[in-house]
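Here's the structure, in structure tokens; my notes come after.
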Amino acid sequence: MNARALYEALLDTDGPYEAVIDPWLAQPSTSDYRARLHTAATPHWADQDLLEELYALSRVSDYLLLDPQIPPYLGLFTTLGMTPFNSTPFDPFLHEITEVEQADDPHAPIEILDIRWPGLMLGELLFTRAGVRVRAGAAHAQRGVADRWPLYWTHRRAHRPTRDLSQGWGGNSQWRTGFRLDYRTPDGDLLNLAGDTPIDGRPDLHPDHPANLAPEERLLTPAERRELLRHRTFLRAPAAATGPEWAGDLFPWEWRLPTDLG
């Protein structure tokens with residue numbers, strides 16, 4: 001039982017999606033698969049094979065959300081032990097902006113207008129953020145940036161470009177991509193837990209060292225880098241950016257915040 005097979009079967013069907021999902025869930029190994037997923041529910045684990053399986057499962061989620069198919073989406077993931085949420089107010093840990101209505105007041109805070117799809121938690125692990133339409137002042141979220149610039153750590157969206165580490169690889173290689181690990185714990189949020197690159201670069205290395213931040217990434221301010229990590233995109237165009245194509249060339253996959261969570 002694996003999510004790649006489910007994803008490929010969904011690509012091959014003309015629908016309904018339940019005709020593919022229900023037999024997949026009916027396999028005898030479903031309870032074992034659910035238990036295996038649950039080992040990722042807290043931060044105290046490490047299993048590259050499971051990271052890859054969670055990534056494949058996230059591809060299934062992305063596919064079902066291209067034109068949001070809520071009943072099969074919820075039926076599949078709740079059966080696998082995940083908990084849906086529709087929480088407000090806006091929280092970048094929990095919410096992905098799908099559309100911005102620009103408020104007249106540039107300083108108006110981000111306000112959720114409606115929820116396009118529910119988010120999913122697996123214990124303390126964030127699996128999928130809820131998709132939300134928001135109203136905001138341009139000082140907080142710019143229409144055409146927050147809802148249209150590249151979305152990182154994501155394979156597919158209907159309304160905007162996306163970037164993940166599977167892209168550009170063929171065959172089996174793309175399926176060795178690891179899932180991004182974000183946890184909401186009693187002690188605070190842990191973002192991109194598997195990342196091993198300091199978000200502000202390594203002071204012990206020369207700025208041009210290949211293990212340090214790339215030149216484009218050094219042009220971002222610390223606040224802009226943190227915005228990208230938290231929101232998986234930019235809410236406002238960075239000062240150094242020449243457009244969304246420039247942002248699409250960034251490489252934030254291994255960024256992590258300082259131990260104080262920034």
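By convention here, the first residue in the shown sequence is residue 1.
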Quiz item: Do you know the tightest heavy-atom contact between Leu181 and Ala194?
Solution: CD1-CB, 4.4 Å
Quiz item: Which heavy-atom pair separates Gly178 from Tyr55 by the least distance, and what is that distance?
Solution: C-CB, 4.0 Å
Quiz item: What do the steps show when you test Leu191 against Arg180 for side-chain contact (heavy atoms from CB on, under 4.5 Å), and what is the final call?
Solution: CA-CA 8 Å; Leu191 303 181; Arg180 170 171 158 159; 4.2 Å; yes
Quiz item: How far apart are the C-alpha atoms of Arg218 and Asp208, what are their side-chain angles, what is the distance that settles it, and do they pass the salt bridge (charged side-chain N to carboxylate O under 4.0 Å, His left out) test?
Solution: CA-CA 10 Å; Arg218 293 200 302 273; Asp208 295 328; 3.1 Å; yes
Exercise. Locate the shortest heavy-atom distance separating Ala103 from Ala108; write the atom from each residue and the value.
Key: CB-CB, 3.8 Å
Exercise. To the nearest 0.5 Å, tell me how far Asp12 CG sits from Glu8 CD.
Key: 8.0 Å
Quiz item: Should Arg157 and Glu96 count as an ion pair when the cut-off is N to O under 4.0 Å?
Solution: yes
Quiz item: With a 4.0 Å cut-off, would you call Arg36 and Asp49 a salt bridge?
Solution: no
Quiz item: Can you tell me if Glu101 uses its side chain to pair, donor with acceptor, with the backbone of Leu113 under 3.5 Å?
Solution: no
Practice problem: Check whether any side-chain N or O of Glu224 sits under 3.5 Å from a backbone N or O of Thr221 as a donor-acceptor pair, and report yes or no. | Solution: yes
Practice problem: To the nearest 0.5 angstrom, please state how far the OG1 atom of Thr42 sits from the CG atom of Leu125. | Solution: 9.5 Å
Under 3.5 Å donor-acceptor pairs involving side-chain atoms of residues 66-77, not counting sequence neighbours:
residue, atom, partner, partner atom, Å
Gln69, NE2, Asp67, O, 2.9
Tyr73, OH, Pro118, O, 2.8

Practice problem: Return yes if some donor-acceptor pair links the side-chain N/O of Asn212 with the main-chain N/O of Arg202 below 3.5 Å, else return no. | Solution: yes
Exercise. Find out whether Leu213 and Ile199 are in side-chain contact, i.e. whether some heavy atom of one side chain is under 4.5 Å from a heavy atom of the other.
Key: no
Quiz item: Is there a donor-acceptor pair closer than 3.5 Å between any side-chain N or O of Trp117 and the backbone N or O of Arg129?
Solution: yes
Practice problem: For the pair Arg4 (side chain) and Ala56 (backbone), establish whether a donor and an acceptor sit closer than 3.5 Å, ignoring hydrogens and angles. | Solution: no
Quiz prompt | Flag side-chain contact, heavy atom, 4.5 Å: Thr128 against Leu65 | solution = yes
Exercise. List the atom of Leu229, the atom of Leu257, and the distance in Å for their closest heavy-atom pair.
Key: CD2-CG, 3.7 Å
Quiz item: Under 3.5 Å, is there a donor-acceptor pair between the side chain of Arg133 and the main chain of Ile115?
Solution: no
Quiz item: So how far is it from Leu94 CG to Phe85 CZ, rounded to the nearest 0.5 Å?
Solution: 4.5 Å
Quiz item: Would you say the side-chain atoms of Gln27 pair up with the backbone N or O of Trp24, donor to acceptor, closer than 3.5 Å?
Solution: yes
Quiz prompt | Minimal non-hydrogen separation, Ala40 against Leu50, with atom names | solution = CB-CD2, 4.0 Å
Quiz item: With distance as the sole criterion, is a donor-acceptor pair present between the side chains of Asn2 and Tyr33 under 3.5 Å?
Solution: no
Quiz item: Within the distance-only criterion (no hydrogens, no angle test), does the side chain of Gln102 pair as donor or acceptor with the backbone N or O of Ala136 below 3.5 angstrom?
Solution: yes
Self-check item: pair Leu250-Glu216: side-chain heavy atoms closer than 4.5 Å
Solution: yes
Self-check item: Under-4.0 Å salt bridge between Arg225 and Asp200
Solution: yes
Quiz item: If you round to the nearest 0.5 Å, how far is CZ of Arg156 from CG of Asp62?
Solution: 8.5 Å
Quiz item: If you round to the nearest 0.5 Å, how far is OG of Ser61 from OH of Tyr7?
Solution: 11.5 Å
Self-check item: Any side-chain heavy-atom pair of Arg59 and Ser166 under 4.5 Å
Solution: yes
Self-check item: Euclidean distance, Met82 CE relative to Thr79 OG1, rounded to 0.5 Å
Solution: 11.0 Å
Practice problem: Report whether Phe234 and Val100 are members of the same hydrophobic cluster (ILVMFWY, side-chain heavy atoms less than 4.5 Å apart, transitive linking). | Solution: no
Quiz item: Does Trp175 belong to the same Ile/Leu/Val/Met/Phe/Trp/Tyr cluster as Phe179, with side-chain heavy atoms less than 4.5 Å apart forming each link?
Solution: yes
Self-check item: Side chain proximity check, Val60 to Leu10, heavy atoms < 4.5 angstrom
Solution: yes
Exercise. Work out which heavy atom in Asn192 is nearest to a heavy atom in Pro252; give both atom names and the distance.
Key: ND2-O, 4.2 Å
Quiz prompt | side-chain contact (heavy atoms from CB on, under 4.5 Å) evaluation trace for Met121 with Phe127 | solution = CA-CA 5 Å; Met121 296 291 295; Phe127 181 72; over 6 Å; no
Quiz item: Does one hydrophobic cluster hold both Leu235 and Trp255, with members joined at side-chain heavy-atom distances below 4.5 Å?
Solution: no
Quiz item: Between Thr154 and Asp164, does a side-chain contact (heavy atoms from CB on, under 4.5 Å) hold up when you go through it step by step?
Solution: CA-CA 6 Å; Thr154 306; Asp164 76 16; 6.0 Å; no
Quiz item: Could you walk me through whether Asp47 and Thr39 pass the side-chain contact (heavy atoms from CB on, under 4.5 Å) check?
Solution: CA-CA 9 Å; Asp47 182 338; Thr39 63; 5.7 Å; no
Self-check item: Shared hydrophobic cluster, Tyr152 / Phe93 (ILVMFWY, side-chain heavy atoms < 4.5 Å)
Solution: yes
Quiz prompt | Cationic N near anionic O, under 4.0 Å, Asp32 to Arg34 | solution = no
Quiz prompt | Heavy-atom check, side chain of Arg163 versus side chain of Trp253, under 4.5 Å | solution = yes
Quiz item: Of the options Leu151, Asp147, Thr162, Ile97, which is the one that meets Thr233 in a side-chain contact (heavy atoms from CB on, under 4.5 Å)?
Solution: Leu151
Quiz item: Quick one: do Phe90 and Leu120 end up in the same hydrophobic cluster if we chain Ile, Leu, Val, Met, Phe, Trp and Tyr together by side-chain heavy atoms under 4.5 Å apart?
Solution: no
Quiz item: Between Asp182 (side chain) and Leu126 (backbone), is there a donor-acceptor pair under 3.5 Å?
Solution: no
Self-check item: Ion pair Arg230/Asp91, N-O distance below 4.0 Å
Solution: no
Quiz item: Leu228 versus Glu217: any side-chain heavy-atom pair under 4.5 Å?
Solution: no
Quiz item: Taking 4.0 angstrom as the limit, do Glu111 and Arg135 come out as a salt bridge?
Solution: yes
Quiz item: With side chains defined as the heavy atoms from C-beta onward, is the minimum distance between Glu124 and Thr185 less than 4.5 Å?
Solution: yes
